[in-house]
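Read the structure below first, then the notes.
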Amino acid sequence: MSKNWYSDLPQYYQRQIKAMGLDEAGMNRRRMLKGMAGAAGLGLLGLNTRQAHAATQMTYMCWEGYNDPRIIDPFNKANDTEISFDLIVDSPGGFAKLQAGASREVDLVSSDMPWITRMGPAGLAMELNPDDYTEVYADFYDQFKPPFEPLMNEGKTIGVATRWGWVGPCINTDVTKPEVWKTYDPVFDAANKDKICVMDWGDWPILPMALHAGINPYEPLDEKQLNEVRLVLRAMFKNTRTLVGDLTQAQKGLLDGSLLGCIGAGSYLTSAVRKQGHKNILAIVPEPKNGLKQGIIWVEATAVLKETDQPELAQKLLKHVVSKDAAHALALLDSTCNVVTNKAVESVFTPEEKDILQMDYMWHAYDNSQMHRVAPNIDEMLAIWQEELAAAQ
């Protein structure tokens, strides 16, 4: 792996990448064997590689959901393509696969925005000309139209934002009220001991607690600030040790009322149960504290691979993924439901679907949240998390 991207990553992400056993030589060997097998097969058919390149096979690396038949089948039918999928299980791992050689096999990728943006300096993503996407952006919410700084590298557009949501307390209004959660204070209330769920999702539960402590985790932190993070995590663990890594387990606890709130998730957790009819489950964000916004906005984005041998078709697929019909399907998956960047979708949402997505709340959440990116001191904060968790047990 080239040092120009890998060595600059926080060690937390380096460990995740190493754990997947990815290395450039290994990926190249797999690609070579795959190519040899393909060439042998073509030889049996009497075809040459130039003819093979004319085929409309495409590879799409993405989170589960972007491969929904409602999204992909219309594109395949209209363009005589056959799209195969490389599903992402975590963003650092997907990025590592691309860097290790999959970038020569993948045409399009949809992942968490910080990792899409990294594809620019890593030389993986095609620079997009916003003028070529005028019709696409005409339907977008202004907040995601160019110049959209989080998806730019050295003034160049790296990808297009697709869907988004917010991280904040997840609550059941049958057992608690939104006004109680104007801050994260309920997490530390002794009356709520063992009734607060904390998601064991890497940095996601840490970042909100840092914000609650008055620390902006998206800026470089000194020792004093890191100690404040330690103290707030210590206080949280003292009051609750209900760590949950499984989304459905957290949803169950909210539904049956055994949990008053869940920290480190947000709309990604609540949407599916709201789709099932449980409108008492909400994802909200606290009010700003001393001027520091307490919520977090996550965004997914899509980029075209620089090494694709069919850039026009890949860009066509990108435009399709963010089109009104495709975005409508992407917003209302069975596993999770989230708002999208295409404003035109509002015209086809039913009132019920808008309610599922909390669309009457989304701009309040946006305006009171930080835009998610990698925290400079994530390694130190994760180490503090592990130390304080161990001490609390």
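The figures here come from the full heavy-atom set of this structure, side chains too, leaving out hydrogens, waters and symmetry mates.
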Counterpart residues, ring-ring contact (aromatic ring centres under 6.0 Å, His included), relative to F75 (two or more places apart) | H320
In chain order, what residues pass the salt bridge (charged side-chain N to carboxylate O under 4.0 Å, His left out) check against R373, with sequence neighbours excluded?
-> none
Check: H372 ring centre within less than 6.0 Å of W204 ring centre | yes
Pairing residues for W298 by the ring-ring contact (aromatic ring centres under 6.0 Å, His included) criterion, not counting sequence neighbours | Y268
Sorted by chain and residue number, the side chain to side chain contact (heavy atoms under 4.5 Å, CB included) partners of A265 (sequence neighbours excluded) come out as C170, M199, W201, L269
Mind jotting down which residue pairs meet the ring pair (Phe, Tyr, Trp, His ring centres under 6.0 Å) criterion with at least one end in residues 235-266? Sequence neighbours excluded, please.
-> F237-W385
Step-by-step salt bridge (charged side-chain N to carboxylate O under 4.0 Å, His left out) determination, R230 to E387 = CA-CA 9 Å; R230 178 182 296 277; E387 292 166 5; 2.8 Å; yes
For E352, what residues pass the side chain to side chain donor-acceptor pair (under 3.5 Å) criterion, not counting sequence neighbours?
-> K279
Determine whether L292 and I296 fall in the same hydrophobic cluster, where Ile, Leu, Val, Met, Phe, Trp and Tyr are linked whenever their side-chain heavy atoms lie under 4.5 Å apart.
-> yes
Here the salt bridge (Lys or Arg N to Asp or Glu O under 4.0 Å) pairs for residues 245-271, sequence neighbours left out, are K252-D256
Stepwise salt bridge (charged side-chain N to carboxylate O under 4.0 Å, His left out) test for R70 and D68 | CA-CA 5 Å; R70 295 172 297 167; D68 190 291; 3.0 Å; yes
In terms of hydrophobic clusters joined by side-chain contacts under 4.5 Å, are I281 and M359 together?
-> yes
Quick one: list whatever passes side chain to side chain donor-acceptor pair (under 3.5 Å) with D112, sequence neighbours left out.
-> S91
Without placing hydrogens or testing angles, list every side-chain donor-acceptor pair under 3.5 Å for residues 282-289, not counting sequence neighbours.
| from | atom 1 | to | atom 2 | distance (Å) |
| --- | --- | --- | --- | --- |
| E287 | OE2 | H364 | NE2 | 3.4 |
| K289 | NZ | H212 | O | 2.7 |

N280 meets the side chain to side chain contact (heavy atoms under 4.5 Å, CB included) criterion, sequence neighbours left out, with N172, T173, D174, H278
Determine the minimum heavy-atom distance between P208 and Y184, stating which atoms define it.
-> CB-OH, 3.4 Å
Salt bridge (charged side-chain N to carboxylate O under 4.0 Å, His left out) with E353: which residues, sequence neighbours excluded?
-> none
Flag the pair D86 and K97 as a salt bridge only when some basic side-chain nitrogen lies within less than 4.0 angstrom of an acidic carboxylate oxygen.
-> yes
Determine whether M126 and M152 fall in the same hydrophobic cluster, where Ile, Leu, Val, Met, Phe, Trp and Tyr are linked whenever their side-chain heavy atoms lie under 4.5 Å apart.
-> no
From CA spacing to verdict: side-chain hydrogen bond (donor to acceptor under 3.5 Å, both in side chains), S110, T302 | CA-CA 4 Å; S110 293; T302 302; 2.6 Å; yes
Centres of the Y366 and W363 rings: under 6.0 Å?
-> yes
Which atom pairs, donor and acceptor, lie under 3.5 Å between side-chain atoms of residues 139-150 and protein residues at least two apart or in another chain?
| from | atom 1 | to | atom 2 | distance (Å) |
| --- | --- | --- | --- | --- |
| Y141 | OH | E346 | OE2 | 2.5 |
| D142 | OD1 | K145 | NZ | 3.2 |

